[in-house]
Amino acid sequence: MAFGKGCHLHLIDGSAFIFRAYHALPPLTRKSDGLPIGAVSGFCNMLQRYVEGNAGGDVTHLAVIFDKGSHTFRNDMYDLYKANREEMPEDLRPQIPLTRRATEAFNIACKELEGYEADDIIATLSVQAREAGGQVTIISSDKDLMQLVGDGVEMLDAMKNKRIDREGVFEKFGVYPDRVVDVQALAGDSVDNVPGAPGIGIKTAALLINEFGSLEELLDRAEEIKQPKRRETLIEKRDQIELSKKLVQLDCETPLDFTLDDLEVKDPDPDTLLGFLKEMEFRTLTKRISDALGVEAPVIPDTTPEGADPGGEDAPEMPAIDPEKYECVSDMAALERWIAKAHDRGWVAVDTETTGLNEMTADLVGISLCVEAGEACYVPLTHKTGKGGDDDLFADKDQDALAEGQIPLDDALAALKPLLEDPSVMKIGQNMKYDAKIFARNGIAIAPIDDTMLMSYAMNAGQHGHGMDTLAERYLSHTPIPIKDLLGSGKSMITFDRVPIADAVKYAGEDADITLRLWQLFKPQLHRARVTRVYESMERPLVPVLAEMEMAGIKVDRNTLSRMSSAFAQKMAGLEAEIHELAGETFNVGSPKQLGEILFDKMSLEGGKKGKTGAYATGADVLEDLATEHELPRRVLDWRQLSKLKSTYTDALQEHINKDTGRVHTSYVISGAATGRLASTDPNLQNIPVRSEEGRRIREAFVAETGKVLVSLDYSQIELRILAHVAGIDALKSAFRDGQDIHAMTASEMFNVPMEDMTPDVRRQAKAINFGVIYGISGFGLARNLRIPRSEAQGFIDRYFERFPGIKDYMDDTVEFARKHNRVETLFGRVIHTPEINAKGPRAGFAKRAAINAPIQGTAADIIRRAMIRMPDAIRGMPAKMLLQVHDELLFEVEEDGVDALIAAARDVMEGAADPVVKLDVPLVVDAGQGANWAAAH
DNA sequence: AATATCACG
DNA sequence: GACGTACGTGATATTT
C-alpha cells in the first residue's frame, strides 16, 4: 500500500526507548556470559507492549529511529554542541547494537543516518507523511520534536500515555509549534549545550516572541525592548542566538535512502523473533510472545555453570586440559576441516610457533588452532629432521631437510589466509602482537583480533602479570608444559623447528586451548569489571598500530656508534688509570663492592653506609657528596657515565641493527606498566640518553633515510596539565590556558616573587615541587632532590598546599578511594589496582604515592595511546611513518616535502586525543621539532 | 637469580 | 616515636 491519505505513520524515538529502558531496570546480565542486557530487555518489553497496545489500531506504517555516531552536522556548526553530554555508561554501550537487532527481530523498520540525529529523520518523515495527506504520531517526549506538532502530527509520551497536540505544545512553550524553535533559540538548552541568550528562559522567551511575532523580528527591533539588561543581551548575543536557532531547527530534508512505503507495518516472523529472544535468554518475554503468536516457546537452556563457585565467578564448565588429545594436522584435508570449524563457530584461538622470540627475525614453524575448549590442533610447517647445531659430528645436509608429514608452508598459509583475514571470524590470541607480526611477514593481515593478555591487563593491572603461564595457573589452575622441556636451556638450547612434531603438538595445542579457555572466561568479566571500553578502545586497537611501528623500525648509523664507542673506550682507559693512581692500587672500577672498600675502608672517607647486603652504597648521590672531599669519586662518576653509554648504547645498540632492514626494531610491551604506559624492550628505545651533553650525541646515530627527516612531537607538561584538571586548580588551569611558564608561575605564587623578577634558581625549586606533587611528595624526597634541609623542604610543601589547597584534597581523596576500592582509575576509566594500599609499614607509603601518581601518569598514557590509535587514519596517504613512542613523544620519519603537513595532522590528533570522551579544562599543547637525526629533531 | 647502578619520561 | 620515602620503566655488569 502506497503511503497516502488514511495512512497513519508511527515513529518511535529509539534512543529515548533505550535510555528509559536502561534507567528503569536493574543491571541485568545474560546468564551464560555476563553480557549486560538490561536495556535490551526493557527495550524489547516496551516494543512488545507498544505492539500489543496498537493491535487492531489504525497504524499502517511504523519505524524506530536511532541516532548514529556522535558527530552530526550540528557539530560542524558549533563544536561544543552536546559537548557537556555525559559519557554513555560502560554497560550500556554494548547493548546499543542489540537494540537495533531487537527492532529488526520484531520486523519493524529500523532507521538511522550517519551525520544526522534521529530527530532530523523523524522531522523529514513527518513532513513527507503530512504532505502525502497521512497522519503521524511521534512516540517520544523529547521537547526538541515539539516543533513538528500540528497538521496531523502529534506526539505521544509513551510513559505517561499522554498525547501532545498544538495545545500541549503551547502549554509547554507558551507558543505554538511554528514558533517553538524561536523560543528554544532564546532559552537555550543546557542538556544539549545550546547557548541561547544568557538570562532568558522559556517564560521570557515566549513573552518576547509573542510580542514581536518572530525571532527575526525581535532581533531586528531589539532596540525597542524596555528592560536594559534584556535589550543589551539580545543585541550583543545576536550571533549566538542565531546559531542556537540553527542548532535547534530540525532538518526536514535529510537525504534518506528509503521511502515511507518501506515502513509499512509487517507481522514478525516467529522464528526470527523467538530466535533473538532465546539468544538474549529472555525467558518471560519469550513465553509471552510465544503465547501471543500462538506458537510453542523455545526452550532456553539454563547455562549457569554447575559447580561454579558461589561468588558468582563463572568458570564455564570445560573438559580437563589434556595435551594427549590434540590433533596433528598433516594434510590439506584435515586443515580444511579445521578452517571450516572455525568459520562455523565464528571464532578461533590461534598461536604461532617460531624459531625465536624476536618477531623480526624468527621464522614460522607451525600454527596451532583451537575452536572448542579441549579440542585443539597443531599444524607443523617447517620442522626439520635431526637435532641441528654446528658442532654435531653427524651433521650433514639432512639436518636441514624438512620433517615428514607437513603441509607445504605456502599451501597452508594460502588456505589459512581467508580465515585469518575474515572480518566475521574473531581470532583469539595471547599476546597477539607477536603473532600478528609473524603473520604480517608472511603476507597475512590478521583481523579482527582479541587478546587474552590485554583482557587480563584491562581488568587486573597492578594485581599480577599477564603472561600465559601466570594466567593459566591463576584462572585455570593449570601449569602449562614449560618451553624448557622442549628447547632445553643455555648453550644446548635448540630452536622450535628442531622439536619433534609429536612433542610440538602437545605444547602448541595446549597454548591454543588455554588461550581459548581464558578468552571464554574473561569475555564476560570485562563487562562486569567495566573495562570493556578501555579494552576495546585503548588496548586492542593498539596492537596493529604498534606492530606496524615495530616493523618499520628506525635507521641507526653503525659508523657513528662505533666511532663513539672507540672514543669512549679511550677516555675510560685514561680515567681508569687516574683512578688506580689515586687509589694506590688497581681494582675493578665497575665493581661497587670493590669501590666501596677502597673509598671507605682504605681511604676512610666519611659517609660510608652499608646497605642490607653489607656492601657500601656507592650510588651517584653518594659519590657526588664525596666529590668535594676527594678527586677520585668525580673520576668514578665520569667513568661510570662513559661506561654506561658505551655498554648500553654505543655497543649494544649495534647488535640490534637488523641484517635485512639495516634498522633497529624495538618491541613494545603493552601490558608491562600498571599505569598504562608502554614499555620498550630489545632494545629499550625509551631511555636513549638526552639529559647530558655527551649522552645526547647518541641520538645523532638515529637518522632518517636519505631524502627524509625525523619529526618529533611531544606533549608539553602533560602530567601537570592533567593534575591541574583532576585536582581542579584554577590558578594552574588559567596559567595553562594563557600559555604561561607554569614553573615560574608556581614560584611566583609560592615565594611572592613577581614574574618579572623570577630567577632561574627559584624557578628550578618550584619545578621540583611541581614534579614532586605528581609523584606523591614528601619532605624527605624533595629535600634530597633539591639538596636542601628537610625542614626547609617541608616548609615549601606546606606553602604549596596552602596556596593550592585543591592539590591536598585531590591526594587525600585519591588515597581514600584506593583504600576503599583497592584501585584507582584514570579519566578514561583505566583501572589500576593498588593491592598494597592497606599494607602496614613502609610499603604503605610506597602504595600511597603510587596511588596518587597512577591516575595522572595513567591518564597521560591513555591520551597518547588514543593519539597513536587515531594516527594511521590521520596520516594516511602522507609519505610518513610513525616510528617510536617515548611516553609523551611520538617520532616520525617523513619525506622532506611532507613535513609540514605531517606536523599539522599529527599535532591535531595529539592535541585532540582526549576528545570526545574527556573534556579537559586545560589545553593540550604539542611541540614539534625536525632534523636529519633524533638529536636535531628533539 | 638478585642487586646495584643509571638511562629515560 | 621510629622508619623510610619522591612515580613509572629496562639494560648492563657484578656478585651470589
Side-chain angles (χ1 to χ4, degrees), chain A residues 461-462 587-596 611-623 636-637 639-653 655-656 666-669 671-692 694-696 698-699 714-720 723 768-786 790 793-794 797 811 824 832 834 840-858 860-861 864 884-889 934 938:
Chain A
F587 68 101
N588 184 349
V589 183
S591 163
K593 185 166 170 271
Q594 292 179 34
L595 175 66
K612 52 180 172 244
T613 51
Y616 289 111
T618 66
D621 48 345
V622 177
L623 297 188
V636 174
L637 283 168
W639 183 91
R640 276 190 183 164
Q641 192 201 3
L642 295 173
S643 163
K644 182 79 179 180
L645 293 176
K646 182 171 185 295
S647 65
T648 311
Y649 300 104
T650 58
D651 291 351
L653 218 40
E655 307 297 310
H656 283 283
T666 184
S667 180
Y668 290 99
V669 190
S671 56
T675 53
R677 274 194 178 179
L678 301 178
S680 162
T681 63
D682 307 299
N684 181 354
L685 295 187
Q686 290 181 321
N687 72 345
I688 303 302
V690 70
R691 292 176 190 168
S692 77
E694 292 241 78
R696 190 155 50 234
I698 305 266
R699 294 190 175 218
D714 69 293
Y715 283 108
S716 161
Q717 313 278 18
I718 188 165
E719 293 193 353
L720 271 178
L723 175 71
I769 298 167
N770 275 332
F771 281 111
V773 167
I774 293 172
Y775 299 148
I777 200 160
S778 77
F780 182 91
L782 183 66
R784 199 174 59 173
N785 191 293
L786 285 177
R790 210 183 133 164
Q794 191 56 53
I797 294 169
M811 293 175 133
V824 292
I832 300 142
T834 56
K840 295 269 171 286
R843 282 139 62 112
F846 266 119
K848 210 171 117 176
R849 290 190 299 273
I852 291 168
N853 173 260
I856 300 170
Q857 187 183 115
I864 197 164
L884 300 180
Q885 187 251 43
V886 192
H887 309 307
D888 64 358
E889 171 189 7
W934 198 1
H938 197 270

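Any value given below was found using the heavy atoms of this structure, including those in side chains, with hydrogens, waters and symmetry copies removed.
- Non-hydrogen atoms lying under 4.0 Å from DNA chain C are contributed by A:Arg849, A:Ala850, A:Asn853, A:Gln857, all within residues 848-857 of chain A.
- Counting heavy atoms from C-beta outward, A:Asn770 and A:Gln717 have side chains that stay 4.5 Å or more apart.
- Between A:Ile688 and A:His938, the closest side-chain pair of non-hydrogen atoms is not below 4.5 Å.
- Judged as a side-chain hydrogen bond (donor to acceptor under 3.5 Å, both in side chains), and not counting sequence neighbours, the contacts of A:Gln641 are A:Ser692.
- At a threshold of 4.0 angstrom between heavy atoms, the contacts of A:Asp888 are confined to the sugar-phosphate backbone, with no base atom among them.
- Once rounded to the nearest 0.5 Å, the distance linking CD1 of A:Ile797 with CD of A:Gln794 reads 4.5 Å.
- Counting only heavy atoms from C-beta outward, the side chains of A:Tyr616 and A:Val622 never approach each other to under 4.5 Å.
- If you walk DNA chain C from 5' to 3' and mark each nucleotide with an atom closer than 4.0 Å to a heavy atom of chain A, the marks span C:dG4 to C:dT16.
- Contacts of A:Ala861 with the nucleic acid, taken as non-hydrogen atoms under 4.0 Å apart, are absent.
- A:Ser778 comes within 4.0 angstrom of a nucleotide base, judged by non-hydrogen atoms across all strands.
- Listed here is the closest heavy atom pair of A:Tyr668 and A:Leu884: OH-CA, 3.3 Å.
- The NE2-P distance, from A:His938 to B:dC8, rounds to 10 Å in whole Å.
- Contacts between residues 683-692 of chain A and DNA chain B, defined by a heavy-atom separation under 4.0 Å, are made by A:Gln686, A:Asn687, A:Ile688, A:Pro689, A:Val690, A:Arg691.
- Looking only at distances, no side-chain donor or acceptor of A:Gln594 sits under 3.5 Å from a matching main-chain atom of A:Val589.
- Residue A:Ala860 is out of contact with every strand shown, counting any heavy-atom pair closer than 4.0 Å.
- The shortest side-chain heavy-atom distance between A:Leu685 and A:Leu653 falls under the 4.5 Å cut-off.
- Among the atoms of the strands shown, none is found under 4.0 Å from any heavy atom of A:Phe771.
- Contact annotation for A:Gly590: backbone-only contact, meaning every heavy-atom pair under 4.0 Å involves sugar-phosphate atoms and none involves a base.
- Side chains of A:Asp888 and A:Glu719 form no contact here, defined as non-hydrogen atoms less than 4.5 Å apart.
- When rounded to the nearest whole Å, the span between NZ of A:Lys593 and C1' of B:dT5 equals 17 Å.
- Among the atoms of the strands shown, base atoms are found under 4.0 Å from some heavy atom of A:Ile777.
- Within 4.0 Å (heavy atoms only), A:Arg790 reaches at least one base atom of the nucleic acid.
- Counting only heavy atoms from C-beta outward, the side chains of A:Thr648 and A:Lys644 approach each other to under 4.5 Å.
- Rounded to an integer number of Å, the gap from A:Leu678 CG to B:dC8 C1' is 14 Å.
- A:Glu719 comes within 4.0 angstrom of nothing in the nucleic acid, heavy atoms only.
- Of the possible donor and acceptor atoms, one in the side chain of A:Thr666 sits under 3.5 Å from a partner among the backbone N and O of A:Thr681.
- Counting to the nearest Å, the P atom of B:dG9 and the CD1 atom of A:Ile864 are 12 Å from each other.
- Counting non-hydrogen atoms under 4.0 angstrom, A:Gln641 reaches the backbone sugars and phosphates but no base.
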Could you pull out every donor-acceptor pair under 3.5 Å between side chains of residues 772-785 of chain A and any protein atom, sequence neighbours left out?
unit_1   : atom_1 : unit_2   : atom_2 : d
A:Ser778 : OG     : A:Gly781 : N      : 3.0

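- A:Gln857 has its side chain out of reach of A:Ile832: every pair of non-hydrogen atoms, C-beta onward, lies at least 4.5 Å apart.
- Comparing the P positions of C:dT5 and B:dT3 gives a spacing of 15 Å, expressed to the nearest Å.
- Note that NE2 of A:His887 and CD of A:Gln885 are 6.5 Å apart. Values are rounded to the nearest 0.5 Å.
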### Message
Let's test your reading of the pairing rules: Watson-Crick or G-U wobble, both distances under 3.5 Å, then write DNA chain C as a dot-bracket string with ( ), [ ], | and dots.
### Response
......|||||||||.
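- Using a 4.0 Å heavy-atom cutoff across all strands shown, A:Gly772 reaches at least one base atom of the nucleic acid.
- Rounded to a whole Å, the CG atom of A:Leu623 is 12 Å from the C1' atom of B:dA4.
- With rounding to whole Å, A:Asn588 atom CG is found 14 Å from B:dT5 atom C1'.
- Contact annotation for A:Ser643: no contact, since no heavy-atom pair falls under 4.0 Å across all strands.
- Here the closest non-hydrogen pair linking A:Ala674 and A:Ala461 is O-CB, 3.7 Å.
- Nearest nucleotide to the side chain of A:Arg640, out of B:dC6, B:dG9, B:dA7: B:dC6.
- Judged by distance alone, with hydrogens and angles left aside, the side-chain atoms of A:Ser643 form no donor-acceptor pair with the main-chain N or O of A:Lys646 at under 3.5 Å.
- B:dT5 atom P lies 12 Å from atom NZ of A:Lys644, rounded to whole Å.
- For C:dA6 and B:dA4, the P atoms lie 14 Å apart once the distance is rounded to whole Å.
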